[in-house]
Engineer: 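I'd like to ask you about the structure that follows.
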Amino acid sequence: MSSIIHTLQNTVARAVEKLYGEATEPSKVQVNNTPPDFTGDYSVVVFPFVKIAKKAPDATAVEIGEYLKKNVAEVKSFNVVKGFLNLEISDAYWQQFLQSVAADSGFGRQPRNGRKVMVEFSSPNTNKPLHLGHIRNILLGWSCSRILEAIGYEVVKTQIINDRGVAICKSMLSWQKWGAGKTPENTGIKPDHFVGDWYVLFEQKTKAEYEEWQQTEEAKRIFETKKKPNQGEKEFFKEYKNKWFNDHSTLGAEVREMLLKWEAHAPDTLALWKKMNGWVYEGFEQTYNDLGVSFDKLYYESDTYLLGKDIVEEGLSKGVFFKKDDGSVWVDLTDAGHDQKLVLRSDGTSVYITQDLGTAQMRHRELGCERYVYVVADEQNYHFQVLFEILKRLGEPYAEGLHHLSYGLVELPTGRMKTREGTVVDADDLIAEVIRLANEQASERGEIEGVSPAERQENLRRVGMGALKFFIVKVHPHKKMIFNPEESVDLQGQTGPYIQYSYVRINGLMQRVEKEKVDLSKAGAYGDIQPQEKELLVALHDYPNVVLKAAEGYDPSLVANFCYDLAKKYHRFWHDLSIFNADTVEAKAFRLTLSRSVGQVLKSGMGLLGVEMPERM
RNA sequence: GGUCCCGUAGCUCAACGGAUAGAGCAACUGCCUUCUAAGCAGUAGGUUACAGGUUCGAGCCCUGUCGGGAUCACCA
C-alpha cells in the first residue's frame, strides 16, 4: 500500500493548482507529524502557498483542508491552528496499515535495485590489537552496510589490512630479538595481543636507547648546535626523536634493514612476517566474531602498496598531472580550493595517495560497483577530498559515487586516548567488560525461570553487546564522541537494553499467543484506537522513511534514535493499556497484532545497527 | 595563517527551515496482589557560544566574532 504521506502531498499539490492556479512539486509539500498537544496525526505546512493564494494562512489552510477532506477518503477531519493544517486520519487507514505491516516481515526494506556498493571499514594495522576507535569505525561500517542493503543495494564489505611497513617490522624485530621461543600458544596470550606486546616492548627499548644516547658527547654536541634559541634539552630531544631514530639509533637501523629485506622478499623475513601476521589475523578474527561482523573481500596493503604508477602515466598523458624539473609528478588543485599535491616522488616511488588512486581503480575493475564508501576517521578529510577530486579529473566512471564516511574521534572523559599513557581502551577488554556487567546486573535481579544456562549466557551476551553498540552508534558520525565506560554499560534509560527489554516484553506476549493459540483475526474489528496505540502506528509508519534517510545521509544514528523512540512509546503503551487482559477480544487481538509489529520493526531496526535481540532478560 | 568539522539542560545526546527546543543520566517525588519495575508518571534544570542578516517562521541557512578539534609532508 502506498504511504498516506504521498497521497497527502499529491493531493495538496493538486489542491493548490486547482484552487490557486499554480503548479507545485508534490515532494516539496511538507507533511509533518502533529505535535502531541494538537489534535491530528499529520500536519500540512501551508505557509509556502499563502503567497500564491493571496489569502491569510488560516483561510488558505481551511481551503486546502476542505479539499483534502473531500478528495482523500483517509482524511477523517481537519483543524487549523495558527496556519497549521492538522489532519486526522481515519481508523480504517490505520487498521489497514497495521494488517499490511503484520503480513510483511520485510517491512521497511526495499526490493533489490540491482545496484552495487562497496563499503570499506576497519582497515587495521597488524602490529597491535583493535581498540575503541576501531569499534566505532567497525560499527559504522557494518550498520551502513546493513542499511544500504535494506534499501536495495548489493553490498560488498571490505577492509584493507595494513600488513606491511615499519610498524609490523618493529614487532617482528622485537620478537626475533627478545622472544626466546615464546608463542601465543605457549604463553596463552591472545595472538594479536601477543604481537602487540612485542611492539610495545620495542618502543620501550627504543626509548631506553634514546635516553642513553642523550648522555653521549655526540648528543650534547647536536643539542648545542641545533637547538632553537631558549630551547631546553628536554624539549629539543622530544622534537629530535624521529631524526635520531633514522640517523643514530641501532634499533632504528635494524628495523630499516628488516624493511629492506622484506621489500627484497628475503625468505626468512617473509616467513617471520607471515607467521606474525597470521597470529594477528587469528586474534582479529575472534574480535570480529565477538562484534558480529564479517567481510566479503579482503585487501592487503602488501598487495596494493605498489599500485598507482600507471595511473600517474595516465594522468600525465591526460594533462591532469604535470611534471616538475626534478621529475616529481604533481596535480594542481588550486582551482578547487586545494593545494598542489604530489602524486609521485622525484625518485619515482609512490606516496600514500598514489596507492589509493591505484587501489580505487583496481577495485573498480574487480567489483564494478556504482558507489564506494570509505569509513575513515575525520583526520583524513583532506586526503579524501583530494583523492576524490583527482579521480573525478581522471574521468573515472565511478567518481560521482565516491563517499568518505567521516567520523569523529572517540575520547574518554579524561581526554584523548594516548598510547604512551596507556589510556587506549582495548576492544577485547571492553567487550569482556560489558558482558561481565550484564551478568552482574542480571544476577542482582535474580533468575528467570525456564532458561538454560547456555541460553542465559547468550541472552546476556546480547544485552552487554547491545549496550555497547547502541551507546556508540546513537551518536551522529560527524561528532566526536565522549565515551564514558560507565555509562556505556548502563542498562537503563536511553540504551540498547531499554530497547531490547521492550522487545522481550513483546516476545513474552507472543509466546503466550502461541501457547494459548490466541485468535488474532478480530483485530480489524477494533474500533476505538487509543492515543498510545496511535503514536505507535504513526512511528511504525515512519520506519521505511527513516531507513531511507539513514542511507542517504550515511547516518545510522537516525535508526538508533528511531528505535529508542519506538521502544519508549511501546513501554508507555504497555504501562497504560491492558494487552492480554484487554476488555474485548477485538482490543486484545489488535493490541497483540500491534505488539507483534512493533517487535518485528524493533528487531529489524536494531539489526541494521548490528544489535541482536535477546529472547528473555 | 588557509581550509574543514564541532559548540543545545550540570553531564551524554536528539530535534526533513515549522507550532511551547526534546530524551536519558545525575537530584528529588510517586507507582509492583494484575501481561517481566532493565518499566511508567511527575518536579526541577535553556538567552541553543556571541553579534548581525535572510523570511511568514532560524538551534538549523548567510556574514563576522569567540571557544574546541582536525588538517595543510617527496609520512602512512
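Protein chains get the first letters and strands the later ones, always in sequence-line order, with residue 1 at the start of each. Only heavy atoms go into these numbers, but all of them, side chains included; no hydrogens, no water, no symmetry mates.
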Engineer: Compare side-chain N and O positions of A:Tyr498 against OP1 and OP2 of B:C40 and report whether any pair is under 4.0 Å apart.
Structural biologist: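 So the side chain of A:Tyr498 is within the cut-off, an N or O lying under 4.0 Å from OP1 or OP2 of B:C40.
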
Engineer: What's the closest nucleotide to the side chain of A:Val463 if the choices are B:A38, B:C40, B:C4?
Structural biologist: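 Within the option list, the nearest is B:A38.
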
Engineer: Just compare B:U71, B:C13, B:C35 and give me whichever is closest to any side-chain atom of A:Ile579.
Structural biologist: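 Closest nucleotide to the A:Ile579 side chain: B:C35.
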
Engineer: Quiz question: going by heavy-atom distance under 3.5 Å, is there a donor-acceptor pair between the base of B:C16 and the side chain of A:Asn32?
Structural biologist: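 In this structure, the two groups form a donor-acceptor pair.
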
Engineer: Tell me the interatomic distance from A:Glu487, atom CD, to B:A26, atom P, rounded to whole angstroms.
Structural biologist: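 Atom CD in A:Glu487 sits about 9 Å away from atom P in B:A26.
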
Engineer: Taking syn as within 90° of 0 and anti otherwise, name the glycosidic form of B:C32.
Structural biologist: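 Syn conformation here, the glycosidic angle of B:C32 being no more than 90° from 0.
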
Engineer: Tell me if the side-chain of A:Ser346 makes a donor-acceptor pair with the base of B:C74, cut-off 3.5 Å, by modelled atom types.
Structural biologist: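 Indeed there is one.
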
Engineer: Of A:His338 and A:Gln355, whose nearest nucleotide on RNA chain B comes first from the 5' end?
Structural biologist: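 First, find each residue's nearest nucleotide; the 5'-ward one identifies A:His338.
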
Engineer: For B:G7, take OP1 and OP2 only and decide whether either is under 4.0 Å from a side-chain N or O of A:Lys480.
Structural biologist: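 For B:G7, neither OP1 nor OP2 has a side-chain N or O of A:Lys480 closer than 4.0 Å.
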
Engineer: Give a yes/no verdict on base stacking between B:A23 and A:Tyr564: centres under 5.5 Å, planes within less than 30° of parallel.
Structural biologist: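 It does not: the two rings, one from A:Tyr564 and one from B:A23, miss the stacking criterion.
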
Engineer: Please confirm whether A:Phe38 and A:Phe84 have ring centers closer than 6.0 angstrom.
Structural biologist: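 When the ring centroids of A:Phe38 and A:Phe84 are compared, they turn out to be at least 6.0 Å apart.
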
Engineer: Less than 5.5 Å between centroids and less than 30° between ring planes, does A:Phe84 satisfy that with B:A19?
Structural biologist: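 It does: the ring sits over the base of B:A19.
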
Engineer: Using whole Å, what does the distance between atom P of nucleotide B:C4 and atom NE2 of A:His404 come to?
Structural biologist: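 So the NE2-P distance, A:His404 to B:C4, works out to 16 Å.
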
Engineer: Is there a donor and acceptor pair closer than 3.5 Å between the side chain of A:Gln30 and the base of B:C16?
Structural biologist: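 Between B:C16 and A:Gln30, which were checked side chain against base, a qualifying N/O pair under 3.5 Å is present.
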
Engineer: Please confirm whether any donor atom in the side chain of A:Asn86 sits under 3.5 Å from an acceptor in the base of B:A19, or the reverse.
Structural biologist: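 Pair found.
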
Engineer: May I ask you to verify whether the side chain of A:Ser43 and the base of B:A19 hold a donor-acceptor pair under 3.5 Å?
Structural biologist: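 Yes.
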
Engineer: Within the 4.0 Å heavy-atom criterion, would you say A:Ile482 contacts the bases, only the backbone, or no part of the nucleic acid?
Structural biologist: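 If one applies the 4.0 Å heavy-atom cut-off, A:Ile482 turns out to touch the sugar-phosphate alone, with no base involved.
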
